[in-house]
Number of protein chains: 2
Amino acid sequence: MKRKPIQHYEARAAVAKALAHPSRLLILDALATKEMCVCDLTELVGADQSTVSKHLAVLKHAGIVDVRRDGVMTYYRMKIHCLEGFWKCVESVLKQNLKDQSAALGV
Amino acid sequence: MKRKPIQHYEARAAVAKALAHPSRLLILDALATKEMCVCDLTELVGADQSTVSKHLAVLKHAGIVDVRRDGVMTYYRMKIHCLEGFWKCVESVLKQNLKDQSAALGV
DNA sequence: TACGTCTATGGCAATATTACCATGAGTTCA
DNA sequence: TGAACTCATGGTAATATTGCCATAGACGTA
């Protein structure tokens with residue numbers, strides 16, 4: 001097995017890091033079906049508008065979402081369409097963890 | 001579309017966060033094929049042994065790896081086997097980003 | 001032009017992450 | 001028992017992340 005250069009893992013980690021916040025995951029879930037403006041996402045997340053804007057900047061910088069300006073509004077939309085596999089993997093981890101915790105309790 | 005509770009996204013984010021560090025990704029790549037002891041992983045990562053130990057604790061706490069003790073040695077191994085989909089997704093993001101950057105340069 | 005709306009950014013404090021050093025706990029072996 | 005080895009855990013400093021406030025920039029409309 002040939003070892004990948006450290007930059008390879010840094011690039012991967014950057015994407016994972018962008019996915020590593022509950023508010024951003026909530027945003028991505030909302031964007032899965034349709035594009036939304038910052039105002040809608042702000043109401044959805046329930047945080048300050050500037051906070052949501054910075055979360056969106058993180059997602060944009062990671063290349064996960066894309067932006068479309070229309071007058072005063074700014075619409076964000078999913079740029080990639082492969083997160084299902086990621087979620088499936090994450091859920092399997094969570095499910096396994098729950099199972100292990102139950103087993104540890106002797107249930 | 002029914003909204004998932006915030007705890008749902010926090011649980012997802014916890015897993016993503018555990019994956020969001022180059023050294024941990026390097027470790028996971030090494031563990032993909034075989035279990036390894038902390039000493040081997042320490043040499044692989046090239047950081048202090050305590051640093052690697054803490055990285056492994058993060059992965060273990062997230063439920064991504066598992067531990068087996070054998071005398072003085074402690075062997076870590078992959079506990080889940082669905083990261084291929086995750087990597088595939090991440091790589092597609094990176095590939096798309098590169099393509100966009102090239103397009104932005106007019107190449 | 002002036003105003004209201006929508007979004008992005010700088011500043012700042014609180015918190016979290018990370019890496020190293022030192023050390024402790026546990027095991028093997030002489 | 002004592003030395004050597006492997007690994008985990010405090011402690012600490014440097015750095016990064018996060019959230020809110022204030023504010024600036026951009027656009028549409030009167």
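This is a predicted model, so every value here is computed, not measured. Below, chain A is the first sequence line, B the second, and so on; all start at residue 1.
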Output the rounded distance in Å from CE (A:Met73) to P (D:dG28). 12 Å
What is the 5' to 3' range of DNA chain C, first to last nucleotide, that sits under 4.0 Å from any heavy atom of chain B? C:dT17 to C:dT28
Please figure out whether A:Tyr75 or B:Gly46 has its closest DNA chain C nucleotide nearer the 5' end. A:Tyr75
At less than 4.0 Å, is any side-chain N or O atom of B:Tyr76 found next to OP1 or OP2 of D:dT6? Yes or no. no
Both A:Arg24 and B:Ala57 contact DNA chain D. Taking the nearest nucleotide for each, which residue is further toward the 5' end? B:Ala57
With DNA chain D as reference, determine whether B:Thr51 or A:Val72 sits nearer its 5' end, using the nearest nucleotide of each. B:Thr51
Indicate yes or no: at least one non-hydrogen side-chain atom of A:Ile64 is less than 4.5 angstrom from one of A:Lys79. no
When the distance from CG of A:Leu25 to P of D:dT18 is rounded to whole Å, what number comes out? 11 Å
Remember a base hit wins even if backbone is also touched, and classify A:Lys60 as base, sugar-phosphate or nothing at under 4.0 Å, heavy atoms. nothing
Indicate, with a heavy-atom threshold strictly under 4.0 Å, whether A:Thr74 touches base, sugar-phosphate, or nothing. sugar-phosphate
Under the 3.5 Å rule, do the base of D:dC7 and the side chain of B:Ser50 count as making a donor-acceptor pair? no
Under 4.0 Å from OP1 or OP2 of D:dA8: is there any side-chain N or O of B:Ser53 that close? yes
Using whole Å, what does the distance between atom C1' of nucleotide D:dG11 and atom CG of B:Asp48 come to? 14 Å
As a test of understanding, state which of B:Leu41, B:Thr42, B:Asp40 forms a side-chain contact (heavy atoms from CB on, under 4.5 Å) with B:Leu44. B:Leu41
Which nucleotide in the list D:dT9, D:dG28, D:dG19 gets nearest to the side chain of B:Lys54? D:dT9
Among the nucleotides D:dC5, D:dC7, D:dG19, whichever has the atom closest to the side chain of B:Val38 is D:dC7
Taking the side chain as C-beta and beyond, is there a heavy-atom pair between A:Met78 and A:Thr33 under 4.5 Å? no
In B:Asp66, B:Leu56, B:Val52, the residue satisfying side-chain contact (heavy atoms from CB on, under 4.5 Å) with B:Tyr76 is B:Leu56
Answer yes when A:Asp29 and B:Lys4 have at least one side-chain N-carboxylate O distance shorter than 4.0 Å, and no when they do not. yes
Taking NE2 from A:His21 and C1' from D:dT17, how many angstroms apart are they, rounded to a whole number? 8 Å
Using atom CG of B:Leu56 as one end and atom P of D:dA8 as the other, report the distance to the nearest whole Å. 7 Å
Any donor-acceptor N/O pair, A:Ser102 side chain to A:Leu98 backbone, under 3.5 Å: yes
Nearest-Å distance, CG (A:Asp70) to C1' (D:dC27)? 11 Å
Quick one: does B:Ile6's side chain get under 4.5 Å of A:Pro22's, heavy atoms only? yes
Expressed as a whole number of angstroms, how long is the span from B:Lys17:NZ to D:dT17:C1'? 9 Å
